[in-house]
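The next block holds one structure in the form of structure tokens; read it before the comments.
In the text below, chain A, chain B and the rest are named by the order of the sequence lines, each starting its count at 1.
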There are 4 protein chains.
Amino acid sequence: MSGSLNQVQLIGHLGQDPETRRTQGGDPVVSFRIATSESWKDKATGDRKEQTEWHSVVIFNEALCRVAEQYLKKGSKVFVQGKLQTRKWQNQAGVDRYSTEVVLARFGGDLKLLDKAERAAPDPDNYGQTRIREPSYADARSGAARPAPAARPDLDDDIPF
Amino acid sequence: MSGSLNQVQLIGHLGQDPETRRTQGGDPVVSFRIATSESWKDKATGDRKEQTEWHSVVIFNEALCRVAEQYLKKGSKVFVQGKLQTRKWQNQAGVDRYSTEVVLARFGGDLKLLDKAERAAPDPDNYGQTRIREPSYADARSGAARPAPAARPDLDDDIPF
Amino acid sequence: MSGSLNQVQLIGHLGQDPETRRTQGGDPVVSFRIATSESWKDKATGDRKEQTEWHSVVIFNEALCRVAEQYLKKGSKVFVQGKLQTRKWQNQAGVDRYSTEVVLARFGGDLKLLDKAERAAPDPDNYGQTRIREPSYADARSGAARPAPAARPDLDDDIPF
Amino acid sequence: MSGSLNQVQLIGHLGQDPETRRTQGGDPVVSFRIATSESWKDKATGDRKEQTEWHSVVIFNEALCRVAEQYLKKGSKVFVQGKLQTRKWQNQAGVDRYSTEVVLARFGGDLKLLDKAERAAPDPDNYGQTRIREPSYADARSGAARPAPAARPDLDDDIPF
DNA sequence: TTTT
DNA sequence: TTTT
């Protein structure tokens with residue numbers, strides 16, 4: 001269906017360092033969780049309130065995997081653009097579970113570092129829009145692009161991330 | 001945290017007519033599921049492939065609830081903008097479950113009908129940007145804006161929608 | 001600068017059929033204008049008002065050019081995603097002029113037909129995500145990707161489109 | 001037309017401190033310009049290239065005006081969401097000119113500070129989502145919400161900002 | 001110049 | 001005119 005759009009945009013901070021796994025084909029898959037939060041003043045009590053939302057981000061785009069691995073760490077502030085995808089998996093008891101993730105695939109995915117570049121200066125040869133000039137990353141959708149279920153750390157319980 | 005963004009944009013079709021429930025305070029809560037899909041040609045086999053993704057949409061914004069109730073039905077094509085929110089609930093066995101939804105709250109939420117207006121012409125007095133000129137909808141976040149758990153149809157099983 | 005974002009999203013109708021020109025390198029450049037509109041009820045008079053905004057869209061992405069040429073025409077409803085770009089040009093008197101356009105370049109650009117497929121069914125072999133599997137379009141930024149000034153129809157006057 | 005979307009999202013840096021003017025009705029109108037930039041490696045020469053784009057941002061939303069006045073200054077990094085609007089004006093010679101701006105009106109507009117809060121901590125009583133709980137800003141579209149032409153600094157020449 |  |  002051509003007239004379809006599935007797009008998520010987040011600005012938030014990483015809760016932990018990114019994790020890299022590999023597909024069976026050897027392609028990197030980087031994942032992390034980021035927090036977004038809203039704050040407002042309660043009309044009734046006048047109290048200041050804040051609500052934090054956690055999002056699971058999974059990167060299949062090879063160039064963005066590299067960026068994430070090199071420059072992101074716990075606490076990094078990022079802009080992330082991807083698509084919503086709900087994945088079905090089984091817990092230890094074999095019961096179906098569902099997890100919704102923000103997926104950065106080859107097309108449409110984007111990732112921007114919003115921190116001041118305190119720590120590492122991007123390597124100008126490998127970073128940024130280079131990916132855009134020389135697209136050579138693996139196809140995230142064909143083959144075994146998704147990690148094998150056994151590789152997931154979440155199989156031990158019912159927590160969906 | 002002011003520098004935070006949580007935004008989802010979807011264009012897709014409703015899988016069923018919208019459902020309306022009420023909060024304890026009497027405010028409407030409209031929900032439906034929409035499908036987005038991607039198609040591509042498999043590089044290896046040359047086959048045309050399509051993958052459909054289903055999203056749960058929940059509307060707390062009163063004006064958008066009215067629009068949804070009046071103009072949306074199974075098959076309607078819509079643009080939806082909201083925020084990602086993961087809700088925790090318990091299944092019948094009392095085990096925690098998580099469901100991620102696209103929430104259209106009072107601010108930031110948007111809903112556009114993309115169909116040709118075959119069936120019902122929008123009432124110019126009640127529809128569209130009127131909401132924008134006279135904001136009087138309930139506060140989606142204070143009080144019992146979220147439906148009581150018992151009211152949810154998903155408590156009987158582990159399916160997250 | 002990595003931490004930068006420049007993105008526009010429009011849903012509207014084409015005012016005219018798309019126009020195709022060619023760069024000196026022979027790459028297609030498709031352009032059209034689309035209208036978006038807002039309506040609201042005047043708080044004071046109660047009158048219904050509408051305001052239409054016109055946007056210039058320019059497509060350098062070769063695959064999206066093809067889609068535009070084949071499926072878009074005057075009146076078509078589209079979703080367009082691109083970046084904002086202000087182009088400087090000279091009018092006949094040699095005075096500088098500026099025009100702001102929504103540019104669909106190779107990356108980040110998107111175009112979706114939102115009409116019911118009344119007229120032409122997309123050719124499943126050439127349309128849609130095929131572009132995504134076999135990226136081979138020309139680089140919109142290097143070389144003479146922008147049309148030569150003499151080819152522009154707007155040089156005769158000061159109207160920026 | 002309900003099924004219409006006009007939305008711009010930018011992340012960039014302010015080129016100058018924001019300027020505040022007033023409508024005839026006394027409502028604030030804050031404007032500034034922000035730069036976004038892209039960088040890439042030239043495929044032919046291997047050179048690193050960068051292209052900067054400047055955008056005019058105009059805020060009519062009263063709450064966002066306050067945020068801009070209090071926290072933004074030259075060099076600030078911001079996320080801005082608004083709509084594209086092309087304004088017609090006359091230069092000194094009485095010739096029509098057009099300027100395209102990113103307008104943050106009452107609805108749909110958003111503004112987020114992305115800098116580390118080095119200088120001023122947001123006042124928790126006046127900042128952030130308070131605007132969202134107590135909407136009382138002026139209607140940006142009715143009356144003389146746009147600044148009178150004479151007040152614009154750009155009338156002396158043909159530069160559209 | 002589109003559309004509802 | 002910003003920033004990396």
Roughly how many Å is it from [atom1] in [X] to [atom2] in [N], rounded to a whole number?
X      : N     : atom1 : atom2 : value
D:E19  : F:dT1 : CD    : P     : 15 Å
C:I11  : E:dT3 : CD1   : P     : 17 Å
D:Q51  : F:dT4 : CD    : P     : 19 Å
D:H13  : F:dT3 : NE2   : C1'   : 4 Å
D:L10  : F:dT1 : CG    : C1'   : 16 Å
B:L113 : E:dT4 : CG    : P     : 12 Å
B:K77  : E:dT3 : NZ    : P     : 17 Å
C:E53  : E:dT4 : CD    : C1'   : 18 Å

E:dT1 base to C:T52 side chain: any donor-acceptor pair below 3.5 Å?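 Between E:dT1 and C:T52, which were checked side chain against base, a qualifying N/O pair under 3.5 Å is absent.
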
Output all residues satisfying side-chain contact (heavy atoms from CB on, under 4.5 Å) with D:Q16, sequence neighbours left out; order by chain, then residue number.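 Here the qualifying residues are D:K74.
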
Quick check, does D:W54 stack with F:dT2? I mean ring centres under 5.5 Å and planes off by under 30°.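 According to the criterion (under 5.5 Å, under 30°), no, D:W54 does not stack.
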
Residues in side chain to side chain donor-acceptor pair (under 3.5 Å) contact with C:Q9, at least two apart in sequence or another chain: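 For C:Q9, the residues satisfying side chain to side chain donor-acceptor pair (under 3.5 Å) (neighbours in sequence not counted) are B:Q9, C:Q81, D:Q7.
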
Tell me which nucleotide among [options] gets nearest to the side chain of [X].
X     : options             : value
C:A35 : F:dT1, F:dT3, E:dT2 : E:dT2
C:E50 : E:dT3, E:dT1, F:dT1 : E:dT3
D:R33 : F:dT1, F:dT3, E:dT1 : F:dT1

Say whether, by atom type as modelled, one donor and one acceptor occur between the side chain of D:N6 and the main chain of D:K83 under 3.5 angstrom.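 Side chain of D:N6 to backbone of D:K83, a donor-acceptor pair under 3.5 Å: no, none is there.
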
Decide, yes or no, whether a salt bridge links D:D47 with D:K49 under the criterion of side-chain N to carboxylate O below 4.0 Å.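 No.
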
Once you apply a heavy-atom cut-off of 4.0 Å, does D:I34 come out as touching a base, just sugar-phosphate, or nothing?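 Nothing, no nucleic acid heavy atom in range.
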
Identified side chain to side chain contact (heavy atoms under 4.5 Å, CB included) partner of D:E101 from the options D:V58, D:V57, D:V8: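 With D:E101 as partner, D:V58, D:V57, D:V8 yield a single side chain to side chain contact (heavy atoms under 4.5 Å, CB included), made by D:V58.
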
